[in-house]
Protein chains: 2
Amino acid sequence: MGSRPDFSYVAKLMADSSRAAMLEALLDLDGLPASELAKRANVSLQTASGHLSKLVEGNLLRVEKHGRHRYFRIANAEVAQAIEMLTVLAPSAQVNSLKDFSRSEKIQIARTCYDHLAGKLGVLITEALVEKEYVAEDQDVFIVTKAGEEFFNSFKIDLDALRQKRRHFARKCLDWSERRYHLAGSLGNAILLQLFDLGWIERLPGRAVKVTDTGIKGLEKSFGMDTSKLG
Amino acid sequence: MGSRPDFSYVAKLMADSSRAAMLEALLDLDGLPASELAKRANVSLQTASGHLSKLVEGNLLRVEKHGRHRYFRIANAEVAQAIEMLTVLAPSAQVNSLKDFSRSEKIQIARTCYDHLAGKLGVLITEALVEKEYVAEDQDVFIVTKAGEEFFNSFKIDLDALRQKRRHFARKCLDWSERRYHLAGSLGNAILLQLFDLGWIERLPGRAVKVTDTGIKGLEKSFGMDTSKLG
DNA sequence: TTTATACTTCGATTATAGCCGAAGTATCTG
DNA sequence: CAGATACTTCGGCTATAATCGAAGTATAAA
């Protein structure tokens, strides 16, 4: 019949709100077990299990078995990108008040994405690191260069310790507000923690963060960032 | 509350097979009336009408009123690209007959995607432009080089006029059959139109196109393309 | 081996939404 | 104005699938 693959099959998989919640959780945090995904989608474990097998069968997720645990991940970067494309088309979350509006503005400038930086700030820092050739882009990950090793060392981030951790080291994470990549993984997390420690950023209510005055100076000096773009 | 737009809303719009058939028809032929779309989706006019209002409300389609006629179009290039992205993820369609096979062969060799070239031809032309350094790949877009400015000028494509248009100029669009990028945006559209004008390509039924004999010669001469790869 | 954990499968219920017939509105033709 | 065309709205039917309780399997710990 058709000469063209049926995109509505994939759309159906993404159309259910429980499955969407699970996919979204996995965009933020790679490798969650079914029980955790059930919680995040507000459904029972049985329901979640059914949804997850559909997503795996449709090649949107893949699953890694470790004994009795099964960790789910987004299958590949194309899946993340397709979700990102749909997010771009979706009407932006409703803004019901002035408070909502300023919050949505702030959250697009700087926020945390699970445990690393996202939004304009996350993307700008990532791009500054690429610009200075401290990290280089690969398919799904960033690679730390020789210059980068020195830089992170002087920035009091212990790369070897991070590499020991049983999680991704420097992953590319697609940003829904900027439509560009920011740095995730344990290195992304370490940068976030260090910026908090230095007092360069502070938490606002929710996931939004605020860059302090010392932060502005620091980011310009250490990362060579053009902080006026944060406006 | 929610800071992230809800992509499942858009996925739901694309998930229904009747709506998918309509969207697909509109990727082929821009500007069809409800009655025609009802036929192509094999549903009654009432049903089609309901689907179409949902698609318009969700900003996937826009509608132009001309008297008692209402012509529907894909709302913008992002919608087309999102559909292409989902198509990449979808399992390839089953081929049930010889006729299907030859059609699926043709459509993979050369077809239009929204308003520009896709398939093997689209990818080969794009890669030829990169090879000759007329355009350079960036993150999400292609950048026209100095040599490219001259080339397109001699090819009777007015880049400045294209840049005026309120749409993407030279976007990267992932190709579902080739799994590589082809050139989209207003420049991609201009190239398509110019190739039709020159008689280098001709429309086949549906979205497939055919390269003419003059086209073969022209593509080899102007783009330095190895047309034997077109199969 | 027993018990606990993590998850899957089955079955019944329920809600959503896709579908069309019938009746309505808007626009053009004569 | 009457009649035709193009489409929309309403109401009821129906099929799909999302949901969870209950019971089952697989692995790990004690």
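Here is the naming used below: chain letters follow the sequence lines, and residue numbers restart at 1 for every chain. Given the structure is predicted, the values throughout are model-derived calculations rather than measurements.
A distance of 10.0 Å separates CZ of A/Arg19 from NZ of A/Lys12, quoted to the nearest 0.5 Å.
Proximity of A/Leu187 to A/Leu159: side-chain heavy atoms (C-beta onward) are separated by under 4.5 Å at one or more points.
Here the rule is salt bridge (Lys or Arg N to Asp or Glu O under 4.0 Å) with B/Glu137, and of B/Arg180, B/Arg171, B/Lys172 only B/Lys172 fits it.
At whole-Å resolution of the value, CD in B/Glu57 and P in D/dT9 are 11 Å apart.
With a heavy-atom cut-off of 4.0 Å to chain A, the contacted part of DNA chain C has its first and last nucleotide at C/dA4 to C/dT9.
Partners of A/Glu57 under the salt bridge (Lys or Arg N to Asp or Glu O under 4.0 Å) rule, at least two apart in sequence or in another chain, do not exist in this structure. In this view, A/Asp160 and A/Arg163 satisfy the salt bridge (Lys or Arg N to Asp or Glu O under 4.0 Å) rule, not counting sequence neighbours. Remark: B/Arg70 pairs with no residue by the salt bridge (Lys or Arg N to Asp or Glu O under 4.0 Å) rule, at least two apart or across chains. Every residue meeting the salt bridge (Lys or Arg N to Asp or Glu O under 4.0 Å) condition with B/Arg62, not counting sequence neighbours, appears here in chain and number order: B/Glu64.
Using the six-membered ring where Trp is involved, A/Tyr134 and A/Phe151 have ring planes that are parallel, under 30° apart on the 30 and 60° scheme.
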Could you run through nucleotides 11-21 of chain D and give me one letter per nucleotide, 5' to 3': B if any protein heavy atom sits under 4.0 Å from the base, S if only the sugar-phosphate is that close, - if neither?
-> -------SSBB
